[in-house]
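All chains are named by letter (A, B, ...) in the order of the sequence lines, taking the proteins before the strands, and each is independently numbered beginning at 1. All values below come from the heavy atoms of this structure, side chains included, with hydrogens, waters and symmetry mates left out.
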Protein chains: 2
Amino acid sequence: MKDVASAAGVALKTVSRVVNGEPGVHPATAERVREAIDRLGYSRNESARVLRAGRTSTVGLVIEDLADPFYSVLGRAVEDVVIGEGCLLLSASSSEDPARERELVRTFCARRVDGLIMVPAGHDHSYLRQELEAGTPAVFADRPPGPGLDVDTVLCDNAGGAVLATRHLLAHGHRRIAFLGDDPSIFTAARRLHGYRSAMGHLYDERLVAMRTPTPGSVRADLERMLSLDRPPTALFTGNGRLTVTALRALEGRPMALTGFDDFELADLLTPGVTVVAQDPAGMGRIAAELLFRRLSGEDAPPRHVTLPVRLVPRGSGELPP
Amino acid sequence: MKDVASAAGVALKTVSRVVNGEPGVHPATAERVREAIDRLGYSRNESARVLRAGRTSTVGLVIEDLADPFYSVLGRAVEDVVIGEGCLLLSASSSEDPARERELVRTFCARRVDGLIMVPAGHDHSYLRQELEAGTPAVFADRPPGPGLDVDTVLCDNAGGAVLATRHLLAHGHRRIAFLGDDPSIFTAARRLHGYRSAMGHLYDERLVAMRTPTPGSVRADLERMLSLDRPPTALFTGNGRLTVTALRALEGRPMALTGFDDFELADLLTPGVTVVAQDPAGMGRIAAELLFRRLSGEDAPPRHVTLPVRLVPRGSGELPP
DNA sequence: GGTGAGGCGGACAACGTTGTCACCCGGGAT
DNA sequence: ATCCCGGGTGACAACGTTGTCCGCCTCACC
C-alpha cells in the first residue's frame with residue numbers, strides 16, 4: 001500500500017480510502033490510485049486489516065471426519081452460509097478424539113476465528129467457557145455440549161427417529177428386533193438406544209442389543225451371536241449409516257428385515273432397497289451456521305436448541321415379513 | 001500480552017520469549033509468566049504474529065464440491081498433511097464455476113495463504129501467475145491448469161484407466177460398448193473419452209457416445225436413444241462415479257454389462273457388484289499437499305507432474321456376457 | 001576490589017492497515 | 001477584508017507481536 005501511495009503520489013491514507021470505497025476522495029485522485037493498484041498488482045493484506053479490525057471474518061469448523069459423507073454434506077452447507085456472509089471457513093477433523101478436538105479449538109481461537117461450529121467428541125467442553133466469555137460464540141451440531149455448558153445447539157430427533165424405525169418393524173410383524181449401535185458414550189447412539197428401548201417396551205431383550213465402536217469384525221461377531229440365540233432376531237435396526245453398511249456386508253445376503261438410522265447414497269439401489277430414518281445433514285449445517293451468524297450480529301438471547309425432524313423412508317428392507 | 005507482562009511484573013518481550021520458548025529467561029521468571037498467562041487466560045494473537053512473520057501457516061483448498069465423496073476424501077487427506085505441518089486449512093467449493101473459483105483464489109491470496117491446492121474449474125488460470133510470482137505456490141490436483149501455466153500437478157491415469165475399462169469389456173466379448181461421459185470441456189472427461197476411443201479402435205461408433213453434464217434426465221434419454229439403435233450396446237462404460245450411479249438408476253434393473261470410472265462406496269453390495277476403475281483420491285490429496293509443502297520449504301525445481309495409477313476392480317457387472 | 005563475561009531483562013522499531021484528527025485551500029457569507 | 005465552512009488530503013498513532021540491540025546485574029576470576 002505504501003508503494004501504491006508513492007506510485008500514485010498520494011498519502012497512504014488516501015490509498016486506504018480508495019481501497020475501502022470511503023467517500024471524500026476526488027474522482028481523479030481515486031482513478032490515479034486505482035491505476036497504480038492495477039499496475040503494481042497490489043492486494044490488501046488481510047492480516048493487517050484483521051489486526052486492526054479485531055474481526056477475522058473466519059469461522060472454524062470442527063467435525064469428526066471431513067471424509068464422512070454425513071459430515072462432508074454438513075460441512076458444505078456450513079461453507080455456503082459462511083461464504084455468503086463474506087467469511088471463510090477453516091475446517092478440521094477431530095477423528096473422534098477429544099484431545100485433538102481441544103487442540104484444534106485452541107488453535108482456532110488463537111487465530112481469532114469469529115466463531116466456532118462443532119460436532120463435539122467427548123463430553124467435557126468446559127475449556128470452551130473461557131473462549132465464550134472472550135466473545136467467541138460456538139454452535140454445536142449433531143451432538144450437544146457436555147454438562148455445565150449451554151450454547152446454541154442443533155440436533156436431530158434421535159430418540160423419535162429410533163421409535164419410528166422400531167415401530168415400523170413392529171408394524172410389519174417383527175417381535176425380535178435387534179439393535180446395533182455405536183458406543184453408548186456417543187450422544188446420538190445413546191439417544192437412539194433409548195428410543196429403540198422405549199418402542200420395544202416389554203419386548204425389549206438386552207441380548208438383542210450390541211453397542212460398541214463398530215468394526216467389520218465386531219459387527220459380524222455381534223450378528224453371529226444374536227443369530228445363534230434360541231429365538232434369533234427377525235429384524236435389525238442399525239444405529240447409524242456406517243453401521244447399516246457394515247451390517248449389510250456382514251449379513252452377506254442373508255435375508256433379514258433391516259431399518260437403518262441415516263440415509264446414504266445408493267440405499268435405493270440395493271436389493272431390497274434399504275429402509276432408513278433419514279435426517280438432513282445439510283439442513284443441520286445450514287441452521288448451525290445461521291445460528292452462529294445471529295450471535296455474531298449481536299443477538300444476545302438465551303441459547304437456542306433446535307431439533308430437526310427425521311423421516312422414515314420405506315424402500316423394502318424394512319417391510320420384509322418375519 | 002501487555003497485561004500478562006504487567007501482571008507478572010516483567011517486560012513485554014520477556015512474555016514473548018516465554019510464549020515462544022526462547023532461551024535466556026530465568027526459570028523462576030518463566031514460571032511467574034506462565035502463571036500469569038494461565039490466570040488471565042491469555043492466548044497469543046495469531047493475527048499479529050502473522051503480520052510480523054509474513055507467513056500465515058494457512059493453506060487454501062479450492063475444490064469443486066466439498067460434499068462430493070471423491071473430493072471430500074481428497075480434502076481430508078490434504079487436511080491431514082496440512083495439520084501435520086502445523087498449518088490450518090481454508091476450504092471452499094467452486095461449484096464448477098470459474099468465476100467463483102477465481103474469486104475464491106483472490107480471497108485466499110488477500111488473506112495471504114501460504115499456498116493453494118486447487119481442483120480447477122475452467123481453463124484459464126493466467127490470473128494465478130501474479131500470485132505465483134508473488135510467492136504463493138499452487139498445486140493442481142485431478143485436473144491440470146489451463147494452457148500457459150505450468151505448476152506442480154497430480155493427475156490420475158485417466159486415459160490409461162479408460163483403456164483398461166474398455167479392454168476389460170472387450171475381453172468379455174462385448175463389441176458394442178457405449179460411453180457416457182461428462183462435458184468434454186472437463187479435462188478428465190476428455191482424457192477418458194480419448195482412452196475409450198483408442199481402445200475401441202475400429203469398433204468405435206459415435207452413436208454410442210454421449211458427453212454432457214449429466215442429469216438423471218439426460219442420462220436416461222441418452223441410454224434410451226442408444227438402446228433403441230439397430231445394434232444397441234451390450235455394455236456400458238461410465239466416465240465418473242456420479243455417472244455410474246445415475247446410469248444404474250436409469251437402467252432400472254435392466255441387465256447390462258457395466259464398468260465405471262471411479263470407485264464408490266457400496267459398489268460391492270449392489271447386485272451384481274459394480275466393476276470399476278478405481279483411483280485413489282486420498283493419495284491424490286496427500287501427494288498434492290506434500291508437493292505444496294516441498295515448495296514451501298524452498299524447493300525450486302521445475303514443476304512436477306505426478307500421474308497416479310488406477311486399478312481395475314472386477315465385481316461382476318463388468319464380467320457379464322453380451 | 002576491579003574487571004570482563006555471560007545471563008537476563010527491557011526499550012524500541014517494524015509488520016500493513018485503519019481511525020482520529022489536523023491541515024490546506026477555495027468560495028461564499030458576513 | 002475577514003470569517004467560516006467543508007471537501008479533499010495527509011500525518012500519526014495504534015492494533016499485538018517479534019527481531020534487534022542495548023544495559024543491567026551477578027558471578028567468577030584475576
Discussion item. Could you check whether any side-chain N or O of A:Glu79 sits under 3.5 Å from a backbone N or O of B:Ser93, counting only pairs where one atom can act as donor and the other as acceptor?
Written reply: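 The answer is yes, because a donor-acceptor pair under 3.5 Å joins these two groups.
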Item to complete: Indicate yes or no for a side-chain donor-acceptor contact from B:Thr153 to the backbone of B:Val151 under 3.5 Å, with no hydrogens or angles considered.
Response: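 Yes; at least one donor-acceptor contact below 3.5 Å.
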According to a strict under-4.0 Å criterion, is [X] in side-chain N/O contact with OP1 or OP2 of [N]?
X	N	result
B:Ser16	D:dT18	yes
B:Asn20	D:dT18	yes
B:Ser47	D:dG16	no
B:Thr14	C:dG10	yes
A:Arg112	D:dG16	no
B:Arg17	D:dT18	no

In whole angstrom, give the distance that lies between atom [atom1] of [X] and atom [atom2] of [N].
X	N	atom1	atom2	result
B:Arg44	D:dC15	CZ	C1'	17 Å
B:Met1	D:dG16	CE	C1'	8 Å
A:Glu31	D:dG8	CD	P	16 Å
A:Tyr42	C:dG16	OH	C1'	8 Å
A:Glu22	C:dG19	CD	C1'	9 Å
A:Asn45	D:dC15	CG	C1'	13 Å
B:Leu51	D:dT18	CG	P	11 Å

Filtered N/O pairs between nucleotides 22-25 of chain C and protein, under 3.5 Å:
none

Item to complete: May I ask you to verify whether the side chain of B:Lys13 and the base of D:dG19 hold a donor-acceptor pair under 3.5 Å?
Response: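 Side chain to base: pair found, below 3.5 Å.
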Worksheet entry | Donor-acceptor pair under 3.5 Å, B:Arg52 side chain vs D:dG16 base |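 No, no donor-acceptor pair under 3.5 Å.
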Fill in: Distance-minimising heavy-atom pair for B:Lys2 and B:Leu12
CA-CD1, 3.3 Å
Practice prompt. Would you classify B:Val10 as touching base, sugar-phosphate or nothing, given that sugar-phosphate means primed atoms plus P, OP1 and OP2, and contacts are heavy atoms under 4.0 Å?
Written response: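 It contacts sugar-phosphate atoms only.
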Practice prompt. Using heavy atoms to find the nearest nucleotide of DNA chain C for B:Gly9 and A:Leu12 separately, return the residue whose nucleotide is more 5′.
Written response: B:Gly9
Worksheet item: How many angstroms lie between CG in A:Leu90 and OG in B:Ser91, if you round to the nearest 0.5 Å?
Response: 8.0 Å
Worksheet item: Going by distance alone, is a donor N or O of one side chain under 3.5 Å from an acceptor N or O of the other, for B:Ser95 and A:Arg76?
Response: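 A donor-acceptor contact under 3.5 Å links the two side chains.
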Worksheet item: Are the side chains of A:Pro302 and A:Asp150 in touch, meaning some heavy atoms are under 4.5 Å apart?
Response: no
Discussion item. Within the 4.5 Å heavy-atom criterion, are B:Asp114 and B:Thr56 side-chain neighbours or not?
Written reply: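 They are in contact (side-chain heavy atoms under 4.5 Å apart), so the answer is yes.
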Item to complete: Just compare D:dG16, D:dT9, C:dT17 and give me whichever is closest to any side-chain atom of A:Arg49.
Response: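 Among D:dG16, D:dT9, C:dT17, the one nearest the side chain of A:Arg49 is C:dT17.
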Discussion item. Let's see if you can work this out: which of D:dA11, C:dG16, C:dG19 has an atom nearest to the side-chain heavy atoms of A:Ala11?
Written reply: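 The answer is D:dA11, which lies nearest to the side chain.
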Worksheet item: Which of these, A:Asp142, A:Leu155, A:Ile287, sits in a side-chain contact (heavy atoms from CB on, under 4.5 Å) with A:Leu308?
Response: A:Ile287
